[in-house]
Amino acid sequence: MFDNRRLERKIDALNFKLDLIMQHLGIRELPSVEPVQTAAAVPSGDGMGQIDALLAEGKKIQAIKRYRELTGSGLKEAKEAVERRYPY
């Protein structure tokens, strides 16, 4: 309970400081930010079949590329997903 109250005070202090900085810079509103896509859709059906076939052939890089094409995910996310699927 006390930790929450302390965190709330810290957040209030940060908000106050941010308001002062924005006022000093002449900023009236924060710019709107586009939401970031956090999780890519996992391919299903034929898409995962293609990835599994590439992995079975030992074509890990091509499997990662195909995963990225199907999901639109980044390189790191695709690599981790493919390695989770076929860790060898």
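Every heavy atom of this structure was used, including side-chain atoms; hydrogens, water molecules and symmetry mates were not. All residue numbers refer to positions in the sequence shown, counting from 1.
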message: Counting only heavy atoms from other residues, nucleotides and ligands, does the tally under 6.0 Å from CD of E57 exceed 12?
response: yes
task: Applying side-chain contact (heavy atoms from CB on, under 4.5 Å), name anything that partners A78, two or more places apart in sequence or on another chain.
output: I64, Y67, R68, S73
message: Assigning hydrophobic clusters by single linkage (Ile, Leu, Val, Met, Phe, Trp, Tyr; side-chain heavy-atom cutoff under 4.5 Å), is F16 placed with L14?
response: no
- request: Give, for atom CG of L75 and atom NZ of K65, the distance between the pair rounded to the nearest 0.5 Å.
  value: 10.5 Å
message: Under a 4.0 Å threshold between the charged nitrogen and the carboxylate oxygen, would R66 count as salt-bridged to E69?
response: yes
- prompt: To the nearest 0.5 Å, what is the distance between NZ (K79) and NZ (K60)?
  reply: 5.0 Å
field: Common cluster, L55/I61, ILVMFWY with side-chain heavy-atom separation under 4.5 Å
entry: no
query: What distance separates D19 CG from I27 CD1, expressed to the nearest 0.5 Å?
result: 11.5 Å
query: After noting the C-alpha distance and the side-chain angles of L70 and I51, does the key distance pass the side-chain contact (heavy atoms from CB on, under 4.5 Å) rule?
result: CA-CA 10 Å; L70 293 171; I51 292 169; 4.1 Å; yes
